Amino acid sequence: MSIYDTLNEQQKQGVFTTDGPVLLLAGAGSGKTRVLTHRIAYLIKEMGVQPYHILAITFTNKAAGEMRERVNTIIGHGAEQVWVSTFHSTCVRILRRYIDRIGFDNHFTIYDTDDQKTVMKDVCKRLQIDTKTLKERTIMGAVSSAKDELVSPEEYLRQAQGDYHKMKIAQAYAEYQSVLRKSNALDFDDLIVKTVELFKLCPEVLAGYQDRFRYIMVDEYQDTNTAQFELIRLLASQYRNLCVVGDDDQSIYKFRGANIRNILDFEQVYPEAAVIKLEQNYRSTQHVLDAANAVIRNNAGRKDKALWTQNGEGSMVHFRQFDTAYDEAEFVADDVMRKVREGRASYGNCAVLYRTNAQARMLEERFVVEGIPYDVVGGTNFYARREIKDMLAYLKTVDNGSDDVAVKRIINVPKRGIGATTIARVQEYADGRGISFYDALREADRIMTIGKSAVKLEPFVTMIQTFRSKSEYYGLEGLIKDIIETTGYVEELEQSEEDDAEDRIANIDELISKIVAYEESHEEGSLSEFLEEVALVADIDRIDDDGNRVLLMTLHSAKGLEFSHVYLAGMEDGVFPGYMAITSDSVEDMEEERRLAYVGITRAKEDLTLTCARQRMLRGETQYNPVSRFVKEIPEELLDRKVPSVKRWDEVEYGEDSRERSLFKTKPFDSGEGNTAAYRPVFGTTPAVSAKPKPKAVAVPKRTPAQNRPFISGGGVGALKGVNGLSKGIQGTGEPDYTVGDRVKHVKYGEGTVTGLEKGPRDYQVTVVFDGAGQKIMYAAFAKLKKL
DNA sequence: CGTACTAGTCTTTTT
DNA sequence: GACTAGTACG
């Protein structure tokens with residue numbers, strides 16, 4: 001009995017076909033990760049391949065981590081030598097070693113979208129581009145697409161001849177790159193582009209990696225863009241042992257440059273490629289699969305395949321339409337609750353998926369009200385939050401003075417009386433001498449133009465220099481705490497009137513604990529390495545699935561995951577498929593949207609529920625949307641409710657207190673069959689409908705750093721273990737004079753009883769049940785509670 | 001130089 | 001509706 005016996009025939013083929021190019025078309029839930037991991041095991045154990053010679057590339061750190069873990073389990077010793085990582089980390093690793101060969105400093109920083117925008121704004125100002133007619137975002141989008149396609153600024157300019165807008169973009173592109181180079185920075189796209197450039201310009205470097213990576217595997221191949229394809233092609237061109245795994249039906253990242261042709265044309269590029277299809281699904285029930293197949297069938301130009309399963313038929317696909325998004329959210333929350341109560345589900349194996357992040361809020365509100373533990377994935381990335389970016393900017397400045405964006409970000413945060421004029425003058429000086437902004441600051445006294453403002457700059461420089469020298473011996477944790485203390489950043493927040501100040505502080509605490517965790521797991525971890533790791537994490541990487549919480553996320557984020565119970569909310573034309581896809585004149589946009597539906601449906605193992613609302617608030621406007629065409633593409637016999645044949649809002653009869661009841665009271669509307677024929681988009685127009693009074697707003701806790709933990713006392717955000725040490729002294733927050741059981745008084749919430757007191761990394765976290773306002777978790781220093 | 005208010009934009013999705 | 005950038009004023 002070997003480990004390969006549990007594989008089916010196609011899977012075995014995928015594992016045993018080790019040499020030459022292989023295209024593994026793996027349908028949803030067909031066990032592709034298993035194939036990949038077994039393949040790696042087979043290469044090492046049966047083929048005698050050195051683990052060192054194997055490269056496995058994924059898109060997210062999470063996927064990489066999971067694969068790493070599984071490889072470790074099957075192979076054991078030696079597994080750590082297999083190079084398993086994401087495209088971006090792979091490139092960073094290579095560039096850190098060799099980018100000096102193409103004129104960069106190996107100590108480069110990575111710019112995120114926010115930083116890019118800052119640079120681009122600057123560029124536009126300098127080039128006098130009218131951002132009214134040509135927006136920064138447009139330029140950034142164009143530049144990013146160009147990079148995805150490996151189009152250099154020079155080439156872009158050549159192609160732009162005659163087109164005024166494109167010429168402007170070309171200029172901006174060139175200038176943007178030169179700013180980045182001066183700042184010794186690369187953006188996300190550059191990581192790939194520069195690696196390709198390096199390989200092309202330095203054949204000896206490429207040859208080294210070609211020899212190293214004799215067996216290459218790429219996961220989620222349908223999401224690769226042209227640059228990534230080129231990268232892989234170069235690496236694999238020596239041995240040609242390239243195994244790509246993907247599913248053209250799950251290609252959903254066109255907007256990010258993904259080129260579906262990479263997978264569709266693989267056999268043209270590698271004529272000798274073995275093509276293996278994995279069509280047996282081990283995840284879902286037959287009904288779920290039938291629904292998925294029925295939807296995706298409407299796409300043209302896909303690789304022919306159909307999923308099947310030996311799992312039972314399963315239950316019907318549930319469909320419910322509601323009057324409002326509020327009702328929809330209520331239903332979803334209730335339904336989850338009911339299933340859990342009946343013992344048919346646990347929170348952790350339920351997920352609610354939606355098209356846009358904005359839809360999360362209403363669901364969140366209901367989950368809070370019903371006390372259901374949940375986690376929202378995505379939205380604003382933790383590391384993109386203002387306070388976190390500020391802290392990181394300090395770290396970056398300490399780490400690398402040539403990162404102008406970072407220096408400028410924090411030079412006046414907290415306020416030091418250094419304004420735009422001074423900054424501009426310093427920049428002029430720096431430009432004149434060809435030095436970095438920070439280096440110019442150090443010579444502040446020599447900059448004639450700034451006059452007496454120079455006095456304000458000196459303390460800043462001194463502070464950074466002090467951090468630098470101290471960081472040598474007191475480690476990352478000491479450094480960040482020193483920064484917080486010396487700058488008074490948190491102090492300022494504590495005094496702040498803004499109501500999200502507390503969340504910000506919590507986020508900073510979370511950052512501290514992340515730094516501590518990083519130091520614990522990386523013996524030799526340096527500041528640069530930490531910043532690098534942080535720059536490349538995605539939201540999806542941060543979810544931990546052992547929390548037994550319902551997950552709320554976008555359909556995009558859900559790819560690669562599976563849940564017993566899946567809710568697809570907002571199944572309305574105009575929401576999903578989105579307004580953009582409906583109005584687009586390209587069929588491809590709608591097809592991509594349909595693939596997204598396919599991804600969503602196939603996340604479900606047992607139970608799939610589709611919901612929609614007749615009326616929904618979108619961008620501050622009430623919209624009336626018909627049921628999604630994707631729901632209509634599912635055969636009626638698979639659904640437990642009929643899809644009403646209503647085409648327009650004015651055909652709908654709104655029930656009194658109805659939720660779903662009105663579904664059956666709907667007047668039959670029978671102008672033939674056409675699903676969308678009679679439907680004209682009514683975006684924005686608001687007919688007078690007796691909408692229900694708006695339910696009382698519920699306070700949704702601001703996204704807490706790691707997870708939302710509503711109503712879970714005792715734990716809470718600050719309950720970070722093993723991070724104490726320095727909690728005292730930094731803020732001067734002494735021990736509270738109250739303890740669990742004491743009666744206390746709060747300025748706003750009145751009197752209450754302390755039910756929990758936890759020592760956080762920087763402050764005490766106190767849980768109080770107020771007589772009037774219910775339970776609150778807050779920071780002791782912040783809450784200013786009075787013992788009674 | 002900093003603050004407060006206003007106007008405009010945005011929403012698809014993210015490494 | 002929410003957030004952000006830009007402007008006017010102190």
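Given the structure is predicted, the values throughout are model-derived calculations rather than measurements. In what follows, chains carry the letters A, B, and so on, assigned in the order in which the sequence lines appear, proteins first and then strands, with residues in each chain numbered from 1.
Side-chain contact check for D112(A) and Y383(A): no donor-acceptor pair (N or O, by modelled atom type) lies under 3.5 Å. No hydrogens or angles considered: nothing links the side chains of Y598(A) and Q250(A) as a donor-acceptor pair under 3.5 Å. Residues S251(A) and D248(A) bring no donor and acceptor atom of their side chains to less than 3.5 Å of each other. For the residue pair Q222(A) and E220(A), a side-chain donor N or O sits within less than 3.5 Å of a side-chain acceptor on the partner. For the residue pair Q359(A)/T356(A), the side-chain donor-acceptor check at 3.5 Å is satisfied.
dA2(C) atom P lies 13 Å from atom CG of L618(A), rounded to whole Å. The separation between L191(A) atom CG and dT15(B) atom P is 14 Å, rounded to whole Å. Rounded to whole angstrom, the span from the CD atom of E588(A) across to the P atom of dT13(B) amounts to 21 Å. Q116(A) places its CD atom 11 Å from the C1' atom of dT15(B), with the value rounded to the nearest Å. One can place CG of L353(A) at 15 Å from P of dT13(B), the figure rounded to the nearest angstrom. Atom P of nucleotide dT13(B) and atom CZ of F576(A) are separated by 13 Å, given to the nearest angstrom. Taking atom CG of D115(A) as the reference point, atom C1' of dT15(B) lies 15 Å away to the nearest angstrom. To the nearest angstrom, C1' of dG1(C) lies 16 Å from CD of E364(A).
Using a 4.0 Å heavy-atom cutoff across all strands shown, S557(A) reaches sugar-phosphate atoms only and no base atom. Nucleic acid contact for F59(A): sugar-phosphate only, since backbone atoms but no base atoms lie under 4.0 Å from a heavy atom of the residue. Contacts of K135(A) with the nucleic acid, taken as non-hydrogen atoms under 4.0 Å apart, involve only primed sugar atoms and P, OP1 or OP2.
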Using nucleotides 4-10 of chain C, report all nitrogen or oxygen pairs with the protein that are shorter than 3.5 Å.
from   : atom 1 : to      : atom 2 : distance (Å)
dA5(C) : OP1    : K121(A) : NZ     : 3.4

Expected rows: protein N/O vs nucleotides 1-8 of chain B N/O, under 3.5 Å:
from   : atom 1 : to      : atom 2 : distance (Å)
dC1(B) : OP1    : G419(A) : N      : 3.0
dC1(B) : OP1    : T422(A) : OG1    : 2.5
dC1(B) : OP2    : T421(A) : N      : 3.4
dC1(B) : OP2    : T421(A) : OG1    : 2.4
dG2(B) : OP1    : N412(A) : ND2    : 3.3
dG2(B) : OP1    : G417(A) : N      : 3.1

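Using a 4.0 Å cut-off, some side-chain N or O of N357(A) falls inside it from OP1 or OP2 of dT14(B).
To the nearest 0.5 Å, the span separating CD1 on I252(A) from NZ on K559(A) amounts to 5.0 Å.
Ring-base stacking between F255(A) and dT13(B) is satisfied, the centre separation being under 5.5 Å and the plane angle under 30°.
When the P atom is used for both dT13(B) and dT4(C), the distance is 15 Å, rounded to whole Å.
Of the listed residues (D375(A), V376(A), V566(A)), just one forms a side-chain contact (heavy atoms from CB on, under 4.5 Å) with L551(A), and that residue is D375(A).
With sequence neighbours excluded, the residues satisfying salt bridge (charged side-chain N to carboxylate O under 4.0 Å, His left out) with D115(A) are K389(A), K396(A).
Of the residues near DNA chain B, T113(A) and R137(A), the one whose nearest nucleotide (by heavy atom distance) lies more toward the 5' end is R137(A).
Looking at H556(A), its side chain has no donor and acceptor atom pair within 3.5 Å of the base of dT14(B).
In this structure, the side chain of R603(A) engages the main chain of V599(A) through a donor-acceptor pair within 3.5 Å.
Side-chain contact between V143(A) and M120(A): present, with at least one pair of heavy atoms (C-beta onward) separated by less than 4.5 Å.
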